[in-house]
> 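Can you keep this structure in mind? I'll have questions shortly.
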Amino acid sequence: MNRIRKIGFGILGALSLAAMTSPAAAAPEKKFSISITPAAVSVGNVRFTMAIKNETPNGNSNINSIAIPLPAGYNVESSDSGTSAPSATWAGAIAAPDGADVITISNMSPLKPLQGFTLTFWAKVSAAACSSALWDSAQAWSGSSFSGNTFRQLYPPEAAVNITTTVGGAQSLQFDASNPTSAAKGTPVALKVNLSSSCAGPAPNATVTLGSSPLAFTGGSSQASSGGVATFTVTFNATGATSLTATAAGFTSATPASLTVFDGILDCATDTDPPFDARDLPAPDGTDGSFDASAGGATDSEDTAFIVGIRGLGDTKGNTDCTLLNYSIVNNIPDTNTTSLTDPLGNIVPPGFYSFSFDSAVPNPVVAILSTYRPEWGDPVTGLPTRKTLICAASVCTTAPTYDVDGNVELPWKVASSCLSTLVTHASIPAGESGCVARETWWPVALASCPSPAPTGPNVRCLQLTATVIVGHDPVFGR
């Protein structure tokens with residue numbers, strides 16, 4: 001029994017002696033960390049911020065000097081305009097001449113365990129685009145002149161720090177190819193802007209600013225992208241052509257995109273079988289694809305500036321498929337109108353004329369339009385109309401009609417051809433024509449309705465005329 005007790009006491013004594021003779025075994029490891037921002041950089045002068053921390057948990061493990069080597073392709077910059085010499089929020093002697101590839105701090109105020117500070121410096125980055133660099137060679141010492149005990153630098157995931165910087169590639173913005181080329185006034189339209197980089201990997205993201213000139217829009221001009229796409233939903237409250245722009249910091253701006261804003265949206269006459277007959281205009285109220293663009297208070301087909309119409313069955317020549325059509329009618333027929341107007345596509349519409357314009361991205365729409373023109377003088381001998389329904393054959397009509405010495409209208413204006421049929425189909429329009437006349441009617445009105453001076457003759461009449469046309473393009477009409 002005594003023997004057993006003596007052995008036990010001997011073990012306890014040995015353990016006590018070991019504890020008293022090995023205090024160094026319990027000292028914490030000397031360690032530190034750096035964390036660099038920004039992580040994404042571009043070639044040129046970059047302002048860096050580095051968080052430096054003594055990660056030793058406790059004890060008498062002070063950092064008194066430190067050296068921060070810069071990765072290849074990074075050099076201290078302090079002479080270029082806008083740059084400055086490195087600075088720190090901790091006392092110490094910083095050495096980092098212009099062009100240096102290492103920043104040192106000596107004779108520091110002791111950086112005790114778990115204390116930290118911030119080093120700010122400019123570096124000229126010349127590393128290749130899309131390359132990454134590790135800031136993993138920093139050193140720290142307990143001595144004030146890069147001597148004494150060293151500290152181990154911590155890296156992720158052991159420490160929640162960033163020690164990687166990546167030189168970005170060329171970044172640019174592009175309007176998405178699926179964006180519409182037109183919109184209807186007052187109707188929201190979705191527009192997408194794509195963000196891309198010449199570097200491999202996920203698409204970059206940024207806050208993108210959308211602009212438009214000359215037309216303004218509502219709905220928000222700045223959107224943060226997600227997955228490399230910024231999506232805008234905007235509304236235009238005026239018609240015409242506008243140029244869209246997209247910009248973002250650090251990105252090449254998008255090539256401007258054109259958008260045309262029309263007055264409304266036109267469906268197809270899907271509820272008419274067989275095809276609608278243009279002679280039946282005005283269409284019954286509520287007929288699909290019909291519209292009323294009358295102006296000047298006109299409410300009846302015998303009123304000046306009365307314009308109504310209907311779209312045909314489909315937007316291709318051989319079937320009934322229908323794509324909604326953004327369109328505008330510029331009605332400049334009212335007697336009080338004395339100046340030319342311009343439609344969304346830039347066509348000049350003289351007084352007494354009107355234009356039908358639409359989004360050319362929709363293939364081959366066909367539309368019938370009935371319009372009542374201003375009163376005009378008939379032939380003073382026969383009493384019959386002397387004017388003819390004219391159509392502008394130019395892609396963009398920029399002038400009012402002119403006439404030669406024989407009274408014939410000159411190009412790009414021409415006398416509208418007669419339609420082959422009065423059904424609202426492409427087959428009714430003669431080959432090579434953008435539109436045709438399906439019907440003309442006229443009747444006498446009071447002589448005072450026509451402009452002065454009146455002609456002289458045995459059969460002087462003031463005539464009011466209505467023309468019904470079928471069109472497959474976007475011309476200007478008048479008399």
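The structure presented is a predicted model; accordingly, all values stated were derived computationally and were not measured.
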> For the residue pair F291 and Y327, is the inter-centroid distance of their aromatic rings smaller than 6.0 Å?
yes

> Do you know the tightest heavy-atom contact between Q171 and G250?
NE2-O, 3.5 Å

> So F117 and I52, do their side chains get closer than 4.5 Å, heavy atoms only?
yes

> Of the non-hydrogen atoms in T247 and S253, which two are nearest, and what is the gap between them?
CG2-OG, 3.3 Å

> Considering residues at least two apart in sequence or located in another chain, which fulfil the side chain to side chain contact (heavy atoms under 4.5 Å, CB included) criterion with V445?
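Testing V445 for side chain to side chain contact (heavy atoms under 4.5 Å, CB included), a comparison that skips the adjacent residues, returns P375, W443, S449, C462, Q464.
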
> Should T83 and S78 be marked as a side chain to side chain donor-acceptor pair (under 3.5 Å) after you check the CA-CA gap, both sets of side-chain angles, and the distance that decides it?
CA-CA 5 Å; T83 66; S78 57; 5.8 Å; no

> Taking atom CG as the centre, does D285 end up with more than 12 heavy-atom neighbours from other residues, nucleotides or ligands that are less than 6.0 angstrom away?
no

> Would T209 and S221 count as having a side-chain donor-acceptor pair, cut-off 3.5 Å?
no

> Report yes or no: does D176 contribute a side-chain atom to a donor-acceptor pair with the main-chain N or O of K192 at less than 3.5 Å?
no

> Please tell me if the side chains of N162 and W135 come closer than 4.5 Å, counting only heavy atoms from C-beta onward.
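No, too far: nothing below the 4.5 Å cut-off.
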
> Do you see a donor-acceptor pair shorter than 3.5 Å between the side chains of D379 and T386?
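Per modelled atom types, D379 and T386 side chains form no pair under 3.5 Å.
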
> Flag the pair I369 / Y354 as yes when at least one side-chain heavy-atom distance between them is below 4.5 Å, and no otherwise.
yes

> For the residue pair D359 / N326, report whether a side-chain donor-acceptor contact shorter than 3.5 Å exists.
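No pair is found: no donor N or O on one side chain lies under 3.5 Å from an acceptor on the other.
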
> From L423 CG over to I470 CD1, what is the distance, rounded to the nearest 0.5 angstrom?
7.5 Å

> Is any side-chain heavy atom of F306 closer than 4.5 Å to one of L370?
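L370 vs F306: side chains touch.
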
> Any side-chain to backbone donor/acceptor pair from T260 onto S182? Under 3.5 Å, distance only.
no

> As an exercise, state the distance from CD1 of I68 to CD1 of I94, rounded to the nearest 0.5 Å.
11.0 Å

> What I want to check is whether the side chains of S355 and D343 have a donor and an acceptor closer together than 3.5 Å.
yes

> To the closest 0.5 Å, what do you measure between CG (L465) and CZ (R387)?
10.5 Å

> Quick one: closest heavy-atom pair of R461 and W377, and the distance?
O-CE3, 3.4 Å

> Ignoring hydrogens and angles, tell me if any N or O in the side chain of S225 forms a donor-acceptor pair with the backbone of A206 under 3.5 Å.
yes

> Ignoring hydrogens and geometry, is there a side-chain-to-backbone donor-acceptor pair from N194 to V229 under 3.5 Å?
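Side chain of N194 to backbone of V229, a donor-acceptor pair under 3.5 Å: no, none is there.
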
> Between F175 and V193, is any pair of side-chain heavy atoms under 4.5 Å apart?
yes

> Please check: side-chain N/O of N332 versus main-chain N/O of T339, any donor-acceptor pairing under 3.5 Å?
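Here the side-chain-to-backbone pair exists.
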
> I need the T304 OG1 to R374 CZ distance, nearest 0.5 Å.
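The CZ atom of R374 is 8.5 Å from OG1 of T304, to the nearest 0.5 Å.
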
> Verify whether one side chain among S79 and E77 offers a donor that lies under 3.5 Å from an acceptor in the other.
yes

> Without swapping roles, check the side chain of R439 against the backbone of R279 for a donor-acceptor pair under 3.5 Å.
yes

> Between S212 and T242, do the side chains contain an N or O donor and an N or O acceptor separated by less than 3.5 Å?
yes

> Among T233, L210, T231, which residue satisfies the side chain to side chain contact (heavy atoms under 4.5 Å, CB included) criterion with L191?
L210

> Are S340 and P351 close enough that some pair of their side-chain heavy atoms sits under 4.5 Å apart?
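When only atoms from C-beta onward are counted, P351 and S340 do touch, with a gap below 4.5 Å.
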
> Quick one: does any side-chain atom of D406 pair with a main-chain N or O of N408 as donor and acceptor, under 3.5 Å?
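Here the side-chain-to-backbone pair does not exist.
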
> How close do P365 and V362 get, counting heavy atoms only, and between which atoms?
CD-O, 3.4 Å

> Looking at side-chain heavy atoms only, is the closest gap between I429 and L420 below 4.5 Å?
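Sidechains of L420 and I429: no contact.
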
> Is any side-chain heavy atom of F251 closer than 4.5 Å to one of S172?
no

> Give the table of side-chain donor-acceptor pairs shorter than 3.5 Å for residues 39-48, with sequence neighbours excluded, one pair per line with atom names and distance.
unit_1: N45; atom_1: OD1; unit_2: K124; atom_2: NZ; d: 3.2
unit_1: N45; atom_1: ND2; unit_2: D80; atom_2: OD2; d: 3.1

> Distance check, rounded to the nearest 0.5 Å: I391 atom CD1 versus S434 atom OG?
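That separation rounds to 3.5 Å.
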
> Please check if the side chain of D101 supplies one atom and the backbone of P69 the other of a donor-acceptor pair under 3.5 Å.
no

> Cut-off 3.5 Å, side chains only: do T166 and S132 have a donor facing an acceptor?
yes

> Would you say the side-chain atoms of S328 pair up with the backbone N or O of D263, donor to acceptor, closer than 3.5 Å?
yes

> Nearest 0.5 Å, please: how far is CG in L119 from OG in S87?
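These two atoms lie 7.0 Å from each other.
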
> Taking all atoms of both residues into account, what is the closest heavy-atom pair of G227 and N205, and its distance?
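Distance-wise, the nearest heavy atoms are N-OD1, 3.3 Å.
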
> If I compare all heavy atoms of Y74 with all of T165, which pair ends up nearest, and what's the gap?
OH-OG1, 2.9 Å

> Between the main-chain N or O of L154 and the side-chain N or O of S33, is there a donor-acceptor pair closer than 3.5 Å?
no

